[in-house]
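The structure presented is a predicted model; accordingly, all values stated were derived computationally and were not measured. When a ligand or atom number is given, it counts from 1 through the structure's own listing order.
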Amino acid sequence: MNIDMISEHASPLAALGGADAGGQNVHVGALAVALAQRGHEVTVYTRRDAVDLPDSVPFARGVTVEHVRAGPARPIAKDHLLPYMAEFAARLSRQWLTTPPDIVHAHFWMSGLAALEGGRDHGIPVVQTFHALGSVKRRYQKEADTSPPERIRLEAQVGRDAAAVIATCTDEVGELSAYGIRPGGVFVVPCGVDTERFRPEGPVTRRGDRPRILTIGRLVPRKGVDTIIEALCHVRDVELVVAGGPDRADLHRDAEAVRLRRLAHDRGVAGRVVFTGQVPHEDLPALIRSADVVVSVPWYEPFGIVPIEAMACGVPVVASAVGGHLDTVIDGVTGLHVPPRVPGALAGRLRRLLTDPRLGGYLGAAAAAHARDRYPWSRIAAETEAVYDRVIGPAQDEIVMAGGARS
Ligand code: UDP
């Protein structure tokens with residue numbers, strides 16, 4: 001198949017850890033590569049956010065990244081990109097006039113808008129993965145949600161017009177049904193992990209004698225790093241390493257890093273908290289292996305790739321019992337659950353894990369086996385391909401085409 005992926009704000013070529021660069025970037029890049037390894041040709045269309053980017057970049061064998069001119073060629077926060085989606089769609093439409101793919105896979109709601117609009121006249125089926133939903137974000141972030149006000153309405157429309165929707169966890173299925181998206185068109189395919197890179201064996205980042213708690217992610221309030229800092233007050237003699245955010249040299253200019261450092265200082269644990277800033281993705285396995293436990297306690301989480309990266313490295317995970325974590329972290333078997341935003345509960349789990357190394361060993365081994373079996377990208381690509389096949393296969397007598405037209 002010729003597969004065109006649309007990922008308006010999240011380029012597989014971007015550095016990770018910044019406010020808008022995380023799981024989606026990893027997902028799109030890794031899925032594209034794994035699909036190419038199954039013999040498909042994949043082109044990823046992403047917005048040009050710098051003037052000096054080449055139009056086209058070979059990413060891997062069978063995968064090309066195309067930089068689309070849509071709005072100013074500079075970084076723009078994703079919540080301000082909606083006005084440029086019509087231009088993005090027009091460029092896709094022009095491209096598809098001469099080289100229509102067999103299928104379009106859009107990532108995030110705005111990519112879905114551009115894909116459906118751009119494909120309207122070409123009859124190309126669009127598969128949609130949302131990665132995050134406006135309804136969930138609004139529920140948790142309330143007035144702090146900076147999404148465009150029309151997001152939820154347009155997002156629901158995208159879901160209804162797409163030929164199929166891929167939900168990355170079972171929790172998302174209920175949210176999609178509340179949007180009025182027909183359940184028969186929704187398929188659950190989780191995100192994956194590079195099990196060659198993230199594995200128990202391999203180099204380990206140097207560390208001191210103190211047990212190490214590690215958290216990794218974009219530095220945004222909903223990731224709950226403040227909960228971990230609060231919990232640290234009740235777990236003696238351990239260090240917390242916070243990986244993610246901008247470059248280490250720029251942390252002092254990052255509002256969330258400044259807030260978290262102040263909190264650590266106020267709670268008297270600043271001497272035990274290390275902020276590394278953004279860590280290159282290829283350096284993460286060694287850092288994860290250096291940890292006794294990886295903590296991921298967001299308020300909500302559409303999927304959460306970090307917990308499965310830790311699991312794949314055989315390191316026990318404590319994760320908030322939300323969203324994708326409900327599928328990936330099997331409480332008491334491959335990790336431990338905690339309610340979100342409850343530092344006392346988190347401290348209790350951490351003390352239990354750190355005082356009983358046998359428990360950590362057991363959870364880590366089960367986690368590594370589960371990650372290797374369930375989450376390799378090769379398996380995720382096969383499951384994604386099965387959704388594409390359903391959408392374009394001859395067995396379907398009624399397929400919802402781009403733009404809502406029916407074949
Ligand atoms: N990541 C990274 N370096 C960093 C911070 C994050 O490589 O400094 C990667 C991390 O390994 C994971 C992704 O960014 O693959 C974050 O994905 P996740 O699903 O956990 O969170 P999201 O960013 O989607 O909210």
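- Between Phe303 and His325, the gap from one ring centroid to the other reaches at least 6.0 Å.
- Ranking protein heavy atoms by distance to atom 19 (O) of ligand 1, first place goes to Ile305 N, 2.8 Å.
- The residue from Val279, Ile308, Val306, Val193 that puts a heavy atom closest to atom 8 (O) of ligand 1 is Val279.
- Here the CG-CG distance, from Leu346 to Leu336, works out to 10.0 Å after rounding to the nearest 0.5 Å.
- Taking CZ of Phe88 as the start and CZ of Arg48 as the end, the distance is 11.5 Å to the nearest 0.5 Å.
- Counting heavy atoms under 4.0 Å from ligand 1, residue His281 touches it through both backbone and side chain.
- In the displayed structure, Arg210 atom CZ is contacted under 6.0 Å by more than 12 heavy atoms of other residues, nucleotides or ligands.
- Counting heavy atoms closer than 4.0 Å to ligand 1, residue Val26 contributes side-chain atoms (C-beta onward) but none from N, CA, C or O.
- Look at Arg374 and Glu383 and you find a salt bridge, because one of the NZ, NE, NH1 or NH2 atoms lies within 4.0 Å of a carboxylate O, short of that distance.
- Contact atoms of ligand 1 toward Arg218: 22 (P), 23 (O), 25 (O) (distance under 4.0 Å to a heavy atom of the residue).
- In summary, the atoms of ligand 1 found under 4.0 Å from a heavy atom of Lys223, numbered by their order in the structure, are 21 (O), 22 (P), 25 (O).
- Ion pairing between Asp292 and Arg207 holds under the 4.0 Å rule for side-chain N and carboxylate O.
- Gly17 CA, 3.7 Å is the protein heavy atom nearest to atom 5 (C) of ligand 1.
- Given atom 16 (C) of ligand 1, the protein heavy atom at minimum distance is Gly23 N, 3.4 Å.
- Protein heavy atom in closest approach to atom 6 (C) of ligand 1: Ile216 CG2, 3.8 Å.
- Aromatic ring centres of Tyr375 and His370: separated by under 6.0 Å.
- For His281 and Phe198, the ring centers sit closer than 6.0 Å to each other.
- Nearest to atom 11 (O) of ligand 1 among the protein's heavy atoms is Glu309 OE1, 2.6 Å.
- Here Leu284 has side-chain heavy atoms under 4.0 Å from ligand 1, and that is the only part of it that gets that close.
- Taking every heavy atom of Arg222 and a limit of under 4.0 angstrom, the matching atoms of ligand 1 come to 25 (O).
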